[in-house]
Chemist: 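The structure's right below; bear with me while I get my questions together.
We name chains A, B, ... by the order of the sequence lines, and we start the count at 1 in each one.
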There are 2 protein chains.
Amino acid sequence: MEETNLNQTIRCIVKLGGAAITCKNELEKINEENLETVSSHLRQAMNLGSCSTQVMGMDWSKRDAVSDISSSLCDFGDQCQFNVDFSRFVVVHGAGSFGHFQASKSGVHKGGLNQPLVKAGFVATRISVTTLNLEIVRALAREGIPSIGMSPYSCGWSTSERNVASADLSGVAKAIDSGFIPVLHGDAVLDERLGCTILSGDVIIRHLAEHLRPEYVVFLTDVSGVYDRPPTDPNAVLLREIAVDEDGKWSVVKPTPQSLNKQVEITVAAHDTTGGMVTKISEAAMIAKLGIDVYIVKAATSHSLRALRGELRHGIPDDWLGTVIQFSR
Amino acid sequence: MEETNLNQTIRCIVKLGGAAITCKNELEKINEENLETVSSHLRQAMNLGSCSTQVMGMDWSKRDAVSDISSSLCDFGDQCQFNVDFSRFVVVHGAGSFGHFQASKSGVHKGGLNQPLVKAGFVATRISVTTLNLEIVRALAREGIPSIGMSPYSCGWSTSERNVASADLSGVAKAIDSGFIPVLHGDAVLDERLGCTILSGDVIIRHLAEHLRPEYVVFLTDVSGVYDRPPTDPNAVLLREIAVDEDGKWSVVKPTPQSLNKQVEITVAAHDTTGGMVTKISEAAMIAKLGIDVYIVKAATSHSLRALRGELRHGIPDDWLGTVIQFSR
C-alpha cells in the first residue's frame, strides 16, 4: 500500500486507551469524568494559536434537552466568533469494557464465522464498540470538535491472519482534508484466512501512522506510562525513555539500565484479548522506527495535555511524567 | 460504475421509512412498537423455509440487563438448533425525527462546509442519524438477524451536486457474502461541488438496486402506499398499480385512470428536506425500469409481511393493500 495523499501533514494521532475512558471492570460503563477531561484537553491541543474561547457544541441530540438546542442555536447568530478550524488530528479508541465481553464469550478473535455463536458474537461485538464510538464522538462534539465516527469495518478494513490486509485510508484522508477529526476504534472485522477477527486500536494506530505520517503519536492510558513490572507492584519503575533502533529493537535509555535491577517485565491484562502492554510497546516501537515520536502518558493529567499540545517535541522536561519512545540512529 | 460482484443474487432491498419507525413529530423518538413488529417481520421473511423457531439474540448489550446476557449465552450450548443463515437482504432506513432537525437548522443539504454552522450541523446530523442506525441494528439483532451497521459516509459514499459520485459497494457485497444483513441509512456526506449535502435513503436504495440487482424492493411507509392526493384527504384514493415504461415515465394502471376524477396529486411533507413522495415515486420508477418490482406498503401490517416474504412476485392478490410499481414493456 502506498502512502495516502493529504493536503497537509497530520499533527497527531491519539489513542484513547479503553482502560482510560471506560470503567474496565463494569460492563459497558464509560468513565464520564475522564472522557470529559480528555475531550477538553483535545480541544485545547487542537485549538493552539486560536484566541477564541467560544465553544460551538456540535452534539444537538435530545439528551441535552430540547430547549438547550434552541438556545445554543440562537447563539450561533454571529458565526465568525467561533473557531471550528482545528489542527489535524486523528483519534482512535480502544474498547475497554465495551466489546471485550462479547468478543471473548464468542471467540470472535479466533474466527469461524460459520459457527452461529461466532456470527452472533461478531454482531454483538460491533454493536458494543459502535455504541462506545458514538458516545466518544458525542463527547468530542460537545467540546466543539468536528468529530466524525469512522468504524473500521465499514471503512473497508479487513485482515489476513490478523494483519491488516486492506484499509481504505482515502476516506480518512478526505475527512481530515474537509476539516473533520476522524474517530476510529478497535473493531470486529472480516479476516481472509480466519473468517473474522478483532482488529485492535493499537494495530490501527500503527497502520495509520505508517500511511499518514503524523508529527507525533500519543497513547492515553490509565497508568503513567510503561513500567518495568506491573504498575500495581510497589517497586515498579516508570520507564521514561525507550530508544528504538533500525531493526525495531527497543531498549530502555532512562532510567539507565544499571539503575534497573532486573529484566523489564511487562503487564498483560488477562482479559485483554488484544494483548495489553506487549502489543502496545511493539506497536509503539514500529511507529518510532518511522521517526515519529510516541508518548505514552496517563489520560486526563497535565502531562497528557502537554504531550497532546506537542510540547515534548523539542525535549522532554524533567518534570514530565510518562514514557517517550523515540527512534535513535 | 460497473455491476458489483456477488456470490448469489440478493433477494430484497427494504427501505424502513423514517416516518414508519420514528415518531415524526417528536425529536429523536423511535416508534418502538412499529420497529419491533417490522424487525419480527423481517426475520420471518428472511427465514423462509427454515423450521427453526429459536431466535439467537445478537444484541448482548447492557440495556438488556447483565443477568439476561449470561442466561441467554447458556442457552447457546447446542448451537446447531439456531438458524443464523438468513436470506440475502439489505436494509436502508430513513431519518424520520432523527437528523432532519439538525440538517434543516444548519442547511447541511445546501452545502458550504466552510461555514461554522454548516460544519457543526454536519457533525450533529451524523450523530443523530448514526444514533438511529445503532438502535435499528440493535432491534434487528435482538430478533436474531445478523445485522451490520454501515454508515454511507464511512463506507465512502459521496455526491456531486447531490447525485451519487462514488460509493464503495464492495464492502456491502462482502458483508452480504459473509452472511450479514447490511443496514445503511440516509446520511450527511461530502459533495464534490457543494462541499456537503444530505444523501437520502431513497437515493441510496436506487443506487443499490441498480448495482446489486435484487429480486424485489419494498418501501415500508406510514401510509398504505401512494395516493392520488394527500392521504389525510378523506377522498384520497390508493393507487394500486403503477406501470413504468422504458423512458422511466409512470402511469396509474389500477384503479383505471377513468375511475380517478382528476390528475394525480402527490404529497410533499413540508419538513422533509429530501422531498417526500415525489422523490419516492421517481426513485421507485427508476428501480422498476430495471425490471425490479417495487412494493410501497404500510409498515408493521400483514400486507407488508406478504410483500417482504415475496408473495406478490407472481401476482397481486385482490385483498393486498399497497402500491406496486412495475416495468411494462
Chemist: Quick check on the interface: out of A:G156, A:G171, A:S178, A:A141, who has the most heavy-atom pairs with chain B under 4.5 Å?
Modeler: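 Winner by heavy-atom pair count: A:S178.
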
Chemist: Rounded to the nearest 0.5 Å, what separation is found between the CG atom of A:L134 and the CG atom of B:N133?
Modeler: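 Between atom CG of A:L134 and atom CG of B:N133 there are 9.5 Å.
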
Chemist: Any side-chain heavy atom of B:F180 within less than 4.5 Å of one from A:V123?
Modeler: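 SC-SC contact between B:F180 and A:V123 confirmed.
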
Chemist: Most heavy-atom pairs under 4.5 angstrom with chain B, which of A:I148, A:D168, A:V172, A:I145?
Modeler: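 The candidate making the most pairs under 4.5 Å is A:I148.
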
Chemist: Minimum heavy-atom separation for A:S151 and B:S154, please, with both atom names.
Modeler: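 Closest approach of A:S151 to B:S154, heavy atoms only: N-OG, 4.4 Å.
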
Chemist: Return the minimal non-hydrogen interatomic distance between B:K62 and A:E28, and the atom names on each side.
Modeler: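 Looking at all heavy atoms of both residues, the closest pair is N-OE1, 2.8 Å.
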
Chemist: Considering non-hydrogen atoms only, spot the tightest contact between A:M56 and B:A120 and give its length.
Modeler: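 Shortest heavy-atom contact: SD-CB, 3.5 Å.
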
Chemist: Which bit of A:I127 is near chain B, if near means a heavy-atom gap under 4.5 Å: side chain, backbone, both or neither?
Modeler: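 Both backbone and side chain.
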
Chemist: Given heavy-atom pairs under 4.5 angstrom as the criterion, report whether the side chain, backbone, both or neither of A:S158 touches chain B.
Modeler: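 Side chain of A:S158 only, per the 4.5 Å heavy-atom cut-off to chain B.
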
Chemist: Check A:W60 against B:Q102 and note the closest heavy-atom contact, atom names and distance.
Modeler: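 Closest approach of A:W60 to B:Q102, heavy atoms only: O-NE2, 3.1 Å.
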
Chemist: So, the side chain of B:K119 versus the backbone of A:G179: is there a donor-acceptor pair under 3.5 Å, distance only?
Modeler: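 Such a contact is found between B:K119 side chain and A:G179 backbone.
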
Chemist: Which residues satisfy the salt bridge (Lys or Arg N to Asp or Glu O under 4.0 Å) test with B:D187, sequence neighbours excluded?
Modeler: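 So B:D187 forms a salt bridge (Lys or Arg N to Asp or Glu O under 4.0 Å) with B:R126.
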
Chemist: State, yes or no, whether a side-chain contact exists between A:M58 and B:F122 at a heavy-atom distance under 4.5 Å.
Modeler: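 Side chain of A:M58 against side chain of B:F122, heavy atoms only: no contact under 4.5 Å found.
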
